[in-house]
Amino acid sequence: MDTHVAPLSEPGSAFTEGGPSAAWLSTVARIERSSVADPAIRALQRGVRSLPLGEARDLLRGRPLGHPVHPVLVQLPIGCWLSAAVLDVVPAGRSAPTVLTAVGLAGIAPAALAGWVDWADLPPEQARVGLVHAVTNVAAVAFYAASLSARLRGRSKRGKLWALGGLGAVAVSGALGGHVAYRRAVGGYPAV
């Protein structure tokens, strides 16, 4: 039995030649090279770095943990929204997915703040992808806010559709964030 797993960079792999992964990586590389948003990125980064956060900045960056806290904080909204999607498919009461959608929205602020604090120190190529990651997150939040609104008005089918759009945006955003954090190895904070 052959247990060899081809690395992502192996020539001829579906991950590197013509497959969906190659298309994805090509798209992200174009974002990294595009300098169109650089003036806005520099202004936003200066603005985030100038926030009077004091010692909270180290907490938001994850210094006590020895690694960024943003990936930890995003687990609450993503977990709630994924759970709501499961409950939308499995017969259950209407209130559980609504509550999970609301709790997910409530968990966004700390995750977003930690993400912005990390983003403010990224080099240009990663900051460009990070900005698209943030914009995609804004779209996800808008989808989930519309979902919650529809659910609270008794329009559960419409709420489910909005949530499905939100879950799609979260997936794209997660892939972009993962690219910056893992493929580019940005964001690690030295252990103290």
Side-chain angles (χ1 to χ4, degrees), residues 7-9 13 15-16 19-82 104-145 165-192:
L8 291 178
S9 60
S13 164
F15 292 108
T16 57
S21 182
W24 170 257
L25 292 174
S26 174
T27 299
V28 176
R30 281 195 301 275
I31 294 169
E32 288 176 328
R33 289 188 307 268
S34 175
S35 59
V36 170
D38 284 0
I41 288 171
R42 285 191 294 276
L44 279 168
Q45 285 181 319
R46 278 192 307 273
V48 172
R49 285 193 300 265
S50 71
L51 291 173
L53 298 174
E55 291 182 20
R57 184 176 307 277
D58 281 345
L59 290 173
L60 289 167
R61 300 245 9 243
R63 180 164 271 216
L65 295 174
H67 61 78
V69 73
H70 175 70
V72 174
L73 294 174
V74 300
Q75 300 308 305
L76 176 70
I78 293 171
C80 286
W81 294 338
L82 186 55
L105 285 167
I108 285 297
L113 186 56
W116 281 110
V117 169
D118 287 342
W119 175 84
D121 294 321
L122 291 179
E125 293 81 13
Q126 287 75 32
R128 294 169 187 144
V129 176
L131 184 62
V132 176
H133 168 73
V135 168
T136 308
N137 281 330
V138 168
V141 169
F143 279 122
Y144 278 107
L167 197 56
V170 166
V172 171
S173 175
L176 290 165
H179 178 84
V180 172
Y182 301 110
R183 187 161 176 89
R184 294 296 178 204
V186 173
Y189 206 21
V192 288

Query - All side chain to side chain donor-acceptor pair (under 3.5 Å) counterparts of Arg46, not counting sequence neighbours - result: none

**Report entry** Which residues share a side chain to side chain contact (heavy atoms under 4.5 Å, CB included) with Val138, sequence neighbours left out
**Finding:** none

Query - Closest non-hydrogen atom pair, Arg57 against Leu51 - result: NH2-O, 2.7 Å

Report summary line: Closest non-hydrogen atoms of Leu65 and Val69, given as atom of the first, atom of the second and distance, are CD1-CG2, 4.0 Å

Query - Test side chain to side chain contact (heavy atoms under 4.5 Å, CB included) applied to Val129 and Arg184, step by step - result: CA-CA 11 Å; Val129 176; Arg184 294 296 178 204; over 6 Å; no

Query - Any residue meeting side chain to side chain contact (heavy atoms under 4.5 Å, CB included) with Leu76, in chain and number order, not counting sequence neighbours - result: Cys80, Val103

Query - Nearest-0.5 Å distance that lies between atom CG in Leu60 and atom CD in Glu55 - result: 12.0 Å

Query - By side chain to side chain donor-acceptor pair (under 3.5 Å) - contacts of Ser50 (at least two apart) - result: none

Report task. Please name the pair of heavy atoms, one in Leu122 and one in Val180, separated by the smallest distance, quoted to 0.1 Å. Result -> CD1-CG1, 4.1 Å

Report task. Scan residues 23-58 for pairs that pass ring-ring contact (aromatic ring centres under 6.0 Å, His included), counting only residues two or more places apart or in two chains. Result -> none

Report task. Using side chain to side chain contact (heavy atoms under 4.5 Å, CB included) as the criterion, list what pairs up with Asp38, not counting sequence neighbours. Result -> Ser35, Ile41, Arg42, Arg128

Query - Where at least one partner belongs to residues 104-115, residue pairs that pass side chain to side chain donor-acceptor pair (under 3.5 Å), sequence neighbours excluded - result: none

Query - Test side-chain contact (heavy atoms from CB on, under 4.5 Å) applied to Leu53 and Val48, Val117, Leu59, the passing residue - result: Val117

Query raised in the report: If you round to the nearest 0.5 Å, how far is CH2 of Trp116 from CD of Gln45?
Result: 9.5 Å

Tabulate below the donor-acceptor pairs under 3.5 Å that side-chain atoms of residues 104-115 make, not counting sequence neighbours, or state none.
none

**Report entry** Sequence neighbours excluded, every pair satisfying salt bridge (charged side-chain N to carboxylate O under 4.0 Å, His left out) that has a member inside residues 66-80
**Finding:** none

Requested in this report: Taking all heavy atoms of Tyr144 and all of Leu167, pick out the closest pair and write down the distance.
Outcome: OH-N, 3.2 Å

**Report entry** Results of side chain to side chain contact (heavy atoms under 4.5 Å, CB included) for Leu44 - residues two or more places apart only
**Finding:** Trp119, Leu131

Report summary line: Residues pairing under side chain to side chain donor-acceptor pair (under 3.5 Å) where one sits in residues 171-182, two or more places apart or in two chains, turn out to be Glu32-His179, His133-Ser173, Asn137-Ser173

Requested in this report: Please determine, by modelled atom types, if Ser26 and Arg30 share a side-chain donor-acceptor pair under 3.5 angstrom.
Outcome: yes

Report task. Mind listing the closest non-hydrogen atom pair of Ala169 and Phe143 along with its distance? Result -> CB-CD1, 4.3 Å

